[in-house]
There are 2 protein chains.
Amino acid sequence: MITLQQAEIRSGIIKAMAHPARLMIIEYLKAGTKPFSDVFGLFNLDKSTVSKHLLVLKGAGIVSSRKEGPDMMYTLEVPCITDFFGCVTAVIENNVRRQQICLCQERPAK
Amino acid sequence: MITLQQAEIRSGIIKAMAHPARLMIIEYLKAGTKPFSDVFGLFNLDKSTVSKHLLVLKGAGIVSSRKEGPDMMYTLEVPCITDFFGCVTAVIENNVRRQQICLCQERPAK
DNA sequence: TTTCCTGATGGTCAATATACCAACAGACCA
DNA sequence: TGGTCTGTTGGTATATTGACCATCAGGAAA
């Protein structure tokens, strides 16, 4: 059985992924190292907000950064992270099947 | 590229995992269906707190519940979730290697 | 030097998450 | 009918998160 301390460390990593913007950043960096400006361009968010999201991912060890000329380059350190999304998708599909959530439209009132 | 809507749905699942107690519950239920009382016994937490954690996991579709006699039985619906922990462990080990965190003891002051 | 350009940091505020205790609800037993 | 066992729900207090704006810091260009 996993200890509470182990669970806390793990949840630190998972918390870092638990935000839509950060998931999008992870997906985006899967294609390779990108400059901050490209990541920023994905969102309608303040620069500071995007910077902080990247800081969270960096703090968790999921991405790394390195200065390159005027740009700050961000790299996904642990690509296996994205393998997990397959399972998350399985959860979502299972939920849809069980009609716990519906992505298409409301069910007609009975 | 993943859409914002997809990212929001995914992050809902991941948020549900992003708590030490809920990670421990997931690990625990990997061994099979268990009654509430067993899950409760893992923690020094109020009954209501454990019940709410289970509700979060259930809401995300990660576990399901079913009444069995006097007990409420909880089942892990998506065992692939735990495969992910291998990657999380890889992140942690990478962090340790890079000395971003240290599980053993403080480095001597230089 | 002064002026950009790039991105990080600090402050603040609203929303969310998480814990506890207390009270409740359903099933079964006395 | 009341008591007990099981787990859930409601209320509340506190901590954390995430957004914005404003400001700052470092390097390149004028």
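Letters A, B, ... are given to chains in the order of the sequence lines, protein chains preceding strands, and every chain is numbered from 1.
Contact check for A/Ser64 versus A/Glu77: side-chain heavy atoms found under the 4.5 Å cut-off. Between A/Leu4 and B/Pro20 there is a side-chain heavy-atom pair separated by less than 4.5 Å.
Salt bridge A/Glu8/A/Arg10: absent, no basic N to carboxylate O contact under 4.0 Å.
Counting to the nearest Å, the P atom of C/dC5 and the CZ atom of A/Phe36 are 16 Å from each other. Atom pair B/Leu57:CG and D/dG7:P shows a separation of 16 Å (rounding to whole Å applied). For A/Lys15 and D/dA15, the NZ to P distance is 15 Å, given to the nearest whole Å. If you measure from atom CD1 of B/Ile14 to atom P of C/dA17, you get 15 Å, rounded to the nearest angstrom. We find that CG of A/Leu23 is positioned 11 Å from P of D/dG18, with the value rounded to whole Å. One can place CE of B/Met73 at 18 Å from C1' of D/dT8, the figure rounded to the nearest angstrom. When the C1' atom of D/dT6 is taken as reference, atom NZ of B/Lys34 falls 19 Å away, rounded to whole Å. What separates CE of B/Met72 from C1' of C/dA27 is a distance of 12 Å, to the nearest Å.
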Measure all distances between protein nitrogen or oxygen atoms and nitrogen or oxygen atoms of nucleotides 19-22 of chain C, and list the pairs falling under 3.5 Å.
from	atom 1	to	atom 2	distance (Å)
C/dA19	OP1	B/His19	NE2	3.3
C/dA19	OP2	B/His53	NE2	2.5
C/dC20	OP2	B/Asp46	N	3.1
C/dC20	OP2	B/Thr49	OG1	2.8
C/dC20	N4	B/Lys52	NZ	3.2
C/dC21	OP2	B/Asp46	OD1	3.4
C/dC21	N4	B/Ser48	OG	2.6

Could you run down the sub-3.5 Å N/O contacts of the protein with nucleotides 28-30 of chain C?
none

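A/Asp71 contributes no side-chain N or O that, together with a main-chain N or O of A/Met73, makes up a donor-acceptor pair within less than 3.5 Å. Between the side chain of B/Thr89 and the main chain of B/Phe85, a donor-acceptor pair closer than 3.5 Å is present. With hydrogens and angles ignored, the 3.5 Å screen pairs no side-chain donor or acceptor of B/Arg22 with any backbone N or O of A/Ser11. With hydrogens and angles disregarded, a donor-acceptor distance shorter than 3.5 Å links the side chain of A/Gln6 to the backbone of A/Thr3.
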>> Under the criterion side-chain contact (heavy atoms from CB on, under 4.5 Å), I'd like the reasoning laid out for A/Ile14 against B/Val88: C-alpha separation, chi angles, the key distance, then a yes or no.
In response: CA-CA 8 Å; A/Ile14 295 174; B/Val88 172; 4.2 Å; yes

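Close to C/dA8, at under 4.0 Å from its OP1 or OP2, lies a side-chain N or O of A/Tyr74.
If you check C/dT9, C/dG7, D/dG18 against the side chain of A/Leu55, the one that comes closest is C/dT9.
The side chain to side chain donor-acceptor pair (under 3.5 Å) pairs that include a residue from residues 35-45 of chain B number zero, where partners must be two or more places apart or lie in different chains.
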